[in-house]
Number of protein chains: 2
Amino acid sequence: MMKDENTKMIKLTQTVKKGGCAAKVPALILKEILAGVNFPPLIEGLTVDGSSFDDAAIYEISPDIALVQTLDFFTPILDTPYDFGAVAAANSLSDVYAMGGRPKTCMAILAAPLATMETSIIKEVLQGAIDVIKESKSSLVGGHSIDDDTLKFGLSITGVVHPKKVWTNAGALPGDQLILTKPLGTGTLCAGLKHKSYHESDIEEAVQSMKRLNNIMDYLSSVSIEAIHSATDITGFGLAGHSLQMAKASKVNFKIFAHSLPLFKQTISSLESAHLTKAHKSNEEYSRPCFNFETKVSALLKLVMFDPQTSGGLLLSVKAAQANKIVEELANFFPGTAIIGSVTDISTTDKKFVHVE
Amino acid sequence: MMKDENTKMIKLTQTVKKGGCAAKVPALILKEILAGVNFPPLIEGLTVDGSSFDDAAIYEISPDIALVQTLDFFTPILDTPYDFGAVAAANSLSDVYAMGGRPKTCMAILAAPLATMETSIIKEVLQGAIDVIKESKSSLVGGHSIDDDTLKFGLSITGVVHPKKVWTNAGALPGDQLILTKPLGTGTLCAGLKHKSYHESDIEEAVQSMKRLNNIMDYLSSVSIEAIHSATDITGFGLAGHSLQMAKASKVNFKIFAHSLPLFKQTISSLESAHLTKAHKSNEEYSRPCFNFETKVSALLKLVMFDPQTSGGLLLSVKAAQANKIVEELANFFPGTAIIGSVTDISTTDKKFVHVE
């Protein structure tokens, strides 16, 4: 993709006060708002509760087709328009893959400051998204665009999945192995970018990772796909938050090997430089009570687990016998894919769902 | 719905520079942006072109189910939060009804200035939308919300329709009668509200009309439904623009009886008071070359045709023999429903697609 001169001058992350997920309505405020709204019963065929504002819904439209639906948009977390569009698309599409679905249609949500922003920049944001949508074998079928003070972009996506083959985060079984498909650290690296400590080219490894689709089914054998008992994608709550949600929903305990966690080259040095976001703190507050860290786990590795991810990898709970084969099948396409832990019976003596050693 | 004290103090239309569709990226700029984006071929089953950013797409997911998908969001056009949410929802849902579909799932797009706006206001916006969604027999299944400078709200909607029963705007036949299901004038009345010439209670008739779902199928007999050859909803381009698009797509001419157009009580006086938007002018520029107005048609009635509608009615092209019956079936639920014209063979001598007398 050629970039014209104008777009080299502007750094998108400097055009917004809050980048990416930091602009989200905080969970507690959203919860308070929704608690004050009177929701009617759901229509037949829906298997999610609209009152929770979940990111992905499952709607059984016929006995053998369920729709997987998700909607996401955010302000720039990267400076390069093309890459911002691509990451926004990959991040939105990830929720469909995390449910075992295949995306089919996308609609764009675009807000742009027409008075101050060259249209060439908007074109590149769209092209970045379109190229990722193309790779996902889905199509952009519509959308809505408004003139607004700051740039925002995202997608509303519909995918399909067989109703009996939905991956939820409630299927992990004792004896399973845990696999993570992308390195951790996008939160701290994007914070460093926003702090102007990095140029985008310095964190190219993370940018490529965020642009990567979580389309693992395209690379796995059917035996491997059958061996996946549970899946979720790692996003704003970090590995800690999303692994905790999976362990709780599945009524199991997780053991995570801190030294097996895949990291970007600069993840540790960026955390050492204190490139942090508010989410590092709120993620720790959210997850810490249910975590048991062995004393040998360093403060920096704990921070890695609380690091909020954008377009992070999938966390899979898989049949132990197939775990190495799955890692092998994904390795060429998802650098860093690793077995990071295992699933055990739920402890009845404490509320520590996740043990990190 | 009870309204608390806070929400009586704020006038939502005064919190934004541009209300409703006026905040849309102008069609010409959008066209220029999209012309610079390289779109891949569409996936199989899609019957719309993503490059046109159409508001509603049709995707045949199985031989007997097609998805109807649309996405829309805008800034406040009304002062009352509950009514703004309700109108935004009815307006978004309208695109599904205009294709002959029935809405099933909705996802919310919410941007709100958390620092300056009471959460009670946001709750009421959501409640207004939820109540209309409930009436449509669909469910809110998710969404995304961000902290932003100005309030914006809308929905991404998926409906279903039998692939062979899609209403397009290309099916009008010579000999058909044209029916419009809601009065015209929301553009000028909302402009008067923004100009502070009206209180919202002054334009209650228009507010009720904008909140009304275009769910005509719920009230029509199957014989009447079969008699509908073509449909479209009247929104930002006004009756002029949308009737022109239907006549062109159907390769027919329209005859419209200006004195049969249904109007709100204050539509004419509001236009006389010059409560206009930029869209009145751009709609005239867009449609005028293809219109032939008889000299007896007053300047004000011409303006009515260019008036941009929010959550306007459906324009139906129906079998003449069934037209009166359709009006009769709808009259109790859609005040103002009227036969407003007829369809004739296309003229080969000029490019005047619509004749107004």
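Bear in mind that the values here come from a model prediction, so they are computed numbers and not experimental data. Quick note on labels: first sequence line is chain A, next is B, and so on, each numbered from 1.
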B:Q245: side-chain contact (heavy atoms from CB on, under 4.5 Å) partners, not counting sequence neighbours: B:N169, B:F237, B:H242, B:Y286
Closest-packed option against chain A by number of heavy-atom pairs under 4.5 Å, given B:N38, B:I122, B:D149: B:N38
Distance, nearest 0.5 Å, that separates CG of A:L93 from CG of A:N215: 9.5 Å
Parallel, tilted or perpendicular, as decided by the 30° and 60° cut-offs, for the rings of A:F84 and A:F74: tilted
Most contacts with chain A, counted as non-hydrogen pairs under 4.5 angstrom, among B:I33, B:V160, B:D64: B:I33
Contact leader toward chain B among A:I29, A:V37, A:T158, where contacts are heavy-atom pairs under 4.5 Å: A:V37
Region of B:I65 in contact with chain A, defined by heavy-atom distances below 4.5 Å: side chain
pair B:L78-B:L12: side-chain heavy atoms closer than 4.5 Å: no
Proximal component of A:L67, with respect to chain B [non-hydrogen, under 4.5 Å]: side chain
salt_bridge(B:E32, A:K123) N-O dist < 4.0 Å: yes
Please list, one pair per line, the donor and acceptor atoms closer than 3.5 Å that link side chains of residues 99-114 of chain B to other protein atoms, with sequence neighbours excluded.
| residue | atom | partner | partner atom | Å |
| --- | --- | --- | --- | --- |
| B:R102 | NH1 | B:D218 | OD1 | 3.0 |
| B:T105 | OG1 | A:Q69 | OE1 | 2.5 |

Side chain / backbone / both / neither for A:T150 at chain B, heavy atoms under 4.5 Å: side chain
Side chain, backbone, both or neither of B:I61 within contact of chain A (heavy atoms, under 4.5 Å): both
